[in-house]
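Letters go in sequence order (proteins before strands), and every chain restarts at 1. Remember, it's a predicted structure, so these values are computed and weren't measured experimentally.
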Amino acid sequence: MRIVTWNVNSLKARLERVEEWLTNNEPDIVCLQETKLADDAFPAITFAALGYEAFHHGEGRWNGVAILSRVGLDDPQAGFTASPGDDVFPGEARVAWATCGGVRVASVYVPNGREVDHDHYAYKLRFLGRLRTELEATSDPSADVAICGDFNIAPDDRDVYDPAAFVGATHVSAPERAALAELEAWGLSDVFRRHYDDGGLYSWWDYRAGNFHKGKGMRIDLVLASASLAQRSTAALIDRNARKGKAPSDHAPVVADFAPGGAA
DNA sequence: ATGGTCGTCCAACGA
């Protein structure tokens with residue numbers, strides 16, 4: 001089973017490239033972020049033609065997340081359901097859930113944070129806490145669970161092109177990394193790191209300043225798998241070729257392959 | 001040379 005996460009930075013602007021990539025790479029489950037579409041503008045028919053069911057949770061101009069699956073798609077859920085009285089995240093389409101091929105999947109777009117002193121940074125930390133709360137309330141860590149998305153956090157210094165340049169910045173701060181670790185402590189692990197110890201392997205490069213060509217990136221897009229799923233991880237990669245060429249997203253797709261499950 | 005780009009849609013703003 002091949003699971004992919006990809007922040008496409010506007011599905012409208014990226015649809016042709018996404019279609020081509022799906023055709024060439026044949027993923028089973030795809031988590032998309034930053035579709036920047038309203039639900040009625042989501043091109044479900046395009047994905048259906050490629051053999052994918054889809055669930056989209058959008059708001060229009062910003063954010064927007066989706067799950068595509070060619071191994072079934074059940075029990076879709078938009079956003080958070082635990083603690084419904086909590087109005088900390090009004091209207092932002094940042095999480096979609098579905099069960100695909102026996103795996104409970106989430107496509108997550110964690111808030112950027114902007115600056116460490118910014119309200120948006122506090123929002124980012126609350127969002128990560130809320131994600132953990134949701135998992136505790138709705139999912140089972142002994143089942144197959146994959147939380148995939150743009151976390152806007154580089155888990156450690158190997159995941160940043162120049163750690164010294166990011167001291168005091170978002171994406172690397174101790175509270176963000178602690179919030180990610182707390183999420184993982186529910187029972188998730190970063191599948192990519194089961195296969196690579198190296199630094200210099202990134203999933204996002206700023207469009208500006210030729211950063212991609214200079215190798216100035218960060219690894220902020222993650223596939224987090226529960227133990228039973230992670231144990232079946234056979235390969236992982238970041239397809240940086242997808243960051244090249246005409247009109248790329250600023251993120252590359254992260255690919256994770258898993259051996260079939262026993263019960264699923 | 002210490003900036004540099006995209007996306008949303010036409011004015012800034014967000015990343």
Side-chain angles (χ1 to χ4, degrees), chain A residues 5-21 31-43 46 56-66 88-96 107-128 131 148-155 159-173 175-177 179-180 202-222 238-254:
Chain A
T5 186
W6 193 6
N7 180 323
V8 294
N9 185 22
S10 170
L11 187 55
K12 183 181 175 186
R14 216 67 61 209
L15 186 58
E16 236 178 273
R17 286 197 63 138
V18 172
E19 282 184 76
E20 180 186 26
W21 194 91
C31 295
L32 301 175
Q33 300 86 38
E34 284 206 87
T35 62
K36 298 185 176 177
L37 293 175
D39 287 335
D40 62 9
F42 182 77
T46 301
H56 180 249
H57 175 37
E59 60 181 85
R61 190 171 177 187
W62 305 112
N63 308 312
V65 286
V88 163
F89 315 110
E92 294 208 342
R94 292 184 177 275
V95 194
S107 178
V108 179
Y109 177 44
V110 173
N112 172 283
R114 299 183 191 171
E115 292 164 33
V116 167
D117 293 331
H118 201 285
D119 285 349
H120 206 263
Y121 177 82
Y123 170 39
K124 181 180 195 173
L125 295 179
R126 287 198 304 271
F127 180 93
L128 289 160
L131 184 54
C148 310
D150 176 1
F151 285 80
N152 272 314
I153 298 170
D159 301 313
V160 185
Y161 72 88
D162 182 4
F166 284 85
V167 171
T170 61
H171 295 62
V172 303
S173 74
E176 289 165 85
R177 286 175 169 172
L180 179 61
Y202 307 130
S203 66
W204 171 84
W205 300 259
D206 199 309
Y207 282 124
R208 293 171 287 189
N211 272 11
F212 177 67
H213 299 285
K214 295 174 184 169
K216 293 183 167 183
M218 300 177 95
R219 192 177 69 90
I220 58 177
D221 299 272
L222 309 175
I238 300 170
D239 182 13
R240 66 187 296 285
N241 285 328
R243 181 62 175 77
K244 300 176 182 175
K246 186 169 184 265
S249 171
D250 47 354
H251 296 251
V254 180

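Looking at A:N211 and A:K214, their side chains never bring a donor and an acceptor atom within 3.5 Å of each other.
Comparing B:dA15, B:dT8, B:dG4 against the side chain of A:A209 picks out B:dG4 as the nearest. Relative to the side chain of A:R114, the nucleotides B:dA15, B:dA12, B:dT5 differ in distance, and B:dA15 lies closest. With B:dG14, B:dT8, B:dT5 as the candidates, the nucleotide lying closest to the side chain of A:A13 is B:dT8. Closest approach to the A:K214 side chain among B:dC6, B:dG4, B:dT8 is made by B:dG4 (side chain taken as heavy atoms from C-beta onward).
Between A:N7 atom CG and B:dT5 atom P there is a gap of 20 Å when expressed in whole angstrom units. In this structure, A:R94 places its CZ atom 7 Å from P of B:dA15, rounding to the nearest Å. Rounded to a whole Å, the CH2 atom of A:W62 is 11 Å from the P atom of B:dC13. Distance A:E115 CD to B:dC13 P: 14 Å, rounded to the nearest Å. Nucleotide B:dC6 holds its C1' atom 14 Å from the NE2 atom of A:H213, rounded to whole Å. Put simply, CG on A:D250 is 16 Å from P on B:dG14, counting in whole angstrom units. Between A:N152 atom CG and B:dG14 atom P the separation is 15 Å, expressed in whole Å. Per the geometry, CG belonging to A:D150 stands 10 Å off C1' belonging to B:dA15, to the nearest Å.
Note: A:Y161 and A:F166 have perpendicular aromatic rings, judged against thresholds of 30 and 60 degrees for the angle between ring planes.
In terms of heavy atoms, A:R177 sits closest to A:P155 at NE-O, 3.3 Å. The nearest pair of heavy atoms linking A:C148 to A:Q33 is O-NE2, 3.9 Å.
Nucleic acid contact for A:Y109: sugar-phosphate only, since backbone atoms but no base atoms lie under 4.0 Å from a heavy atom of the residue.
Taking the C1' atoms as reference points, B:dA11 lies 16 Å from B:dC6, given to the whole Å. Between B:dA15 and B:dC9, the two P atoms lie 16 Å apart (nearest whole Å).
The shortest distance between the side-chain N/O atoms of A:R14 and the OP1/OP2 oxygens of B:dG7 is below 4.0 Å. OP1 or OP2 of B:dC6 has not a single side-chain nitrogen or oxygen of A:R208 nearer than 4.0 Å.
To the nearest 0.5 Å, atom OG1 of residue A:T46 and atom CD of residue A:E19 are 5.5 Å apart.
Position along DNA chain B of the nearest nucleotide to A:D206 versus A:E34 favours A:D206 as the more 5'-ward residue. Between A:N211 and A:K36, the residue anchored nearer the 5' end of DNA chain B, judged by the nucleotide with its closest heavy atom, is A:N211.
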